[in-house]
Amino acid sequence: MDFELPESHRALQSSLRDFCERKVKPYAREWDRDEKFPMEVVKELGELGVLGMLVAEEYGGAAMDSLAVAVAVEEIARYDGSLALTVASHNGLGTSHLRVFGNDEQRRKYLPKLATGEYLGAWGLTEPGSGSDSAGMKTTAVCKGDKWVLNGAKMFITQGTVGSVFVVLAVTSPAKKQKGVTAFILEKGMPGFSQRSIHGKLGMRSSDTAELVLENVEVPDSMRLGEVDHGFIDTMKILDKGRITIGALAVGLARGALEEAVHYARERTAFGQPIAEFQGLRWMFADMKTETDAARLLVHRAAYLADAGQPYSQEASMAKLFASEVATRACNKAVQIHGGYGYTREFPVERYLRDAKLCEIGEGTSEIQRTIIAREVFKKA
């Protein structure tokens, strides 16, 4: 059992740490305040190969593995959860659905531009009335000759207004419920397809979030992604990988909160000494460090299993569940350690806390993860 990252992953980690220190850390607070999507920085990440880590080299990607994505997302999240969410969702959702289930023609058309960041990808599953209950999907796709007509809406879609390529799930056989869902590729600018930006979020404020509206959108059958009525099954496989990246994002936020709190506790004095010397606070640091490292191990285990081609659904849920709740606890402790200053935007820990909450909701709530884990426990009992 080897706990050391491969050299290629350590190099990726180091280069992203340097990049974030220069290009992200000085501006993340401003992006959050203004709800500004940092397109120029995202494009630079594309030039570095970070937006095509899982894409094969023949399509212009880096051909790395799930562990590399986890390492990259954690490193970016340590500085900015919103930017990490952009990287996680682009690699793990829209691009991966095309990468895994697209045909040769679809891959040749879209993956090279997605891998470089010329295109950003988005993925549409959640709807205004269906989140955890994805079987309650209302968006429909009706076959008319050699095309499909889509109607409906998708909600809380990451990269919703800045994306160029969208993978959208729609009901094609209503009587089959979740077994009657099909995936389609949509491009920005298609007639009847519009995006409405969502503002005023608690956290992840510089990540682009939108509602997608589909009004008689005509999609040729050549842009159907995967088999008819097989979209929901494919989606579950995509979500399993996505939970690994959200777990990594949570680890990055927890680590960032810990490191910021350590720095503050060394500098801040009370009663004639640095507050880092008080035992009550030191125990908080011990808990934060222990839980953060444990969360990282769960994330890396799930990534290792995925890369080895072994079953990992339960492990991905465990990693996502534990890491997301660890992040919230760690960020909350970091705010407490900062005292009144932690409640202001002068220090990044308040932003980390706001960002961390999404990790308990997005790509399957904590309650859904517990349901999945318990189901697997009883299967194996």
Side-chain angles (χ1 to χ4, degrees), residues 37 39 42-66 68-69 72-73 85-126 139 141 146-150 154 157-170 172 181-195 207-208 210 212 214 217-228 230-235 237-239 241-242 245:
F37 184 81
M39 182 63 80
V42 172
K43 294 294 185 183
E44 288 187 62
L45 288 173
E47 293 170 5
L48 292 173
V50 177
L51 299 182
M53 283 187 285
L54 296 174
V55 175
E57 291 180 352
E58 65 180 299
Y59 301 117
M64 299 190 81
D65 54 19
S66 297
V69 176
V73 169
L85 181 60
T86 299
V87 172
S89 62
H90 176 86
N91 277 285
L93 297 178
T95 300
S96 277
H97 205 134
L98 276 158
R99 178 180 60 83
V100 177
F101 300 109
N103 58 39
D104 290 341
E105 182 180 349
Q106 291 166 343
R107 289 170 180 164
R108 285 194 299 269
K109 181 176 181 180
Y110 295 110
L111 289 183
K113 293 183 178 181
L114 287 166
T116 61
E118 181 179 347
Y119 285 174
L120 290 179
W123 192 71
L125 174 65
T126 300
T139 298
D146 61 351
K147 64 186 178 184
W148 298 81
V149 179
L150 276 62
K154 299 294 179 178
I157 306 306
T158 306
Q159 277 91 258
T161 68
V162 298
S164 299
V165 181
F166 300 76
V167 175
V168 173
L169 284 298
T172 43
V181 172
T182 304
F184 297 89
I185 304 169
L186 275 67
E187 296 179 3
K188 194 169 187 176
M190 294 178 72
F193 180 41
S194 60
Q195 302 82 34
S207 167
D208 182 67
L212 310 181
L214 301 95
V217 181
E218 295 187 359
V219 181
D221 190 61
S222 62
M223 295 176 72
R224 171 174 48 84
L225 183 55
E227 300 177 22
V228 174
H230 214 264
F232 188 80
I233 296 170
D234 296 344
T235 290
K237 296 175 182 177
I238 296 299
L239 280 174
K241 280 278 184 74
T245 58

Spacing of [X] atom [atom1] and [Y] atom [atom2] [to the nearest 0.5 Å]:
| X | Y | atom1 | atom2 | result |
| --- | --- | --- | --- | --- |
| His90 | Leu120 | NE2 | CG | 6.0 Å |
| Trp123 | Leu169 | CH2 | CG | 6.0 Å |
| Phe232 | Leu125 | CZ | CG | 7.5 Å |
| Asp104 | Glu58 | CG | CD | 8.0 Å |
| Ser96 | Leu111 | OG | CG | 9.5 Å |
| Leu225 | Phe166 | CG | CZ | 14.5 Å |

- Go through Val149 and Val217 one step at a time and tell me if the side-chain contact (heavy atoms from CB on, under 4.5 Å) criterion holds. CA-CA 5 Å; Val149 179; Val217 181; over 6 Å; no

- Message: Go through it in stages, so that I can follow the logic: the residues are Thr172 and Trp148, the test is side-chain contact (heavy atoms from CB on, under 4.5 Å), and I'd like the CA-CA distance, side-chain angles, deciding distance and then a yes or no.
- Response: CA-CA 9 Å; Thr172 43; Trp148 298 81; 3.5 Å; yes

Is the side chain of [X] donor-acceptor paired with the backbone N or O of [Y] at a distance under 3.5 Å, no angle test?
| X | Y | result |
| --- | --- | --- |
| Asp208 | Val162 | yes |
| Lys43 | Glu118 | yes |
| Arg224 | Gly226 | yes |

- Task: State, to 0.1 Å, how close Ala63 and Glu57 come at their nearest heavy-atom pair, and which atoms those are.
- Result: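 In this case the closest contact between Ala63 and Glu57 is CB-CG, 3.7 Å.
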
- Closest non-hydrogen atom pair, Gln106 against Ser222: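 Gln106 and Ser222 have their closest heavy atoms at NE2-O, 2.9 Å.
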
So do the side chains of [X] and [Y] get within less than 4.5 Å of each other, counting heavy atoms only?
| X | Y | result |
| --- | --- | --- |
| Thr86 | Leu45 | no |
| Phe193 | Leu212 | yes |
| Thr245 | Asn91 | no |
| Leu98 | Val167 | yes |
| Leu114 | Val55 | no |

- Task: For Arg107, enumerate each residue passing the side chain to side chain donor-acceptor pair (under 3.5 Å) test, keeping only those at least two apart in sequence or located in another chain.
- Result: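 With sequence neighbours excluded, Arg107 shows a side chain to side chain donor-acceptor pair (under 3.5 Å) to no residue whatsoever.
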
- side chain to side chain donor-acceptor pair (under 3.5 Å) with Ser66: which residues, sequence neighbours excluded?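 Applying side chain to side chain donor-acceptor pair (under 3.5 Å) to Ser66 gives Asp307.
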
- Query: Regarding Glu187 and Tyr119, is there a side-chain donor-to-acceptor distance under 3.5 Å anywhere?
  - Reply: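 No pair is found: no donor N or O on one side chain lies under 3.5 Å from an acceptor on the other.
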
- Give a yes-or-no answer on whether the side chains of Ser89 and Gln159 include a donor-acceptor pair shorter than 3.5 Å.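 Side-chain D/A pair, Ser89 to Gln159: present.
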
- Test side-chain contact (heavy atoms from CB on, under 4.5 Å) applied to Val219 and Val168, step by step: CA-CA 11 Å; Val219 181; Val168 173; over 6 Å; no

- Message: What verdict does the side-chain contact (heavy atoms from CB on, under 4.5 Å) test give for Val100 and Asp234, after you've listed the backbone C-alpha separation in whole Å, the side-chain angles of each residue and the deciding distance to 0.1 Å?
- Response: CA-CA 9 Å; Val100 177; Asp234 296 344; over 6 Å; no

- Message: Other residues, nucleotides and ligands only: do more than 12 of their heavy atoms fall within 6.0 Å of NZ on Lys147?
- Response: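 No, NZ of Lys147 has 12 or fewer neighbouring heavy atoms, counting only those of other groups under 6.0 Å.
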
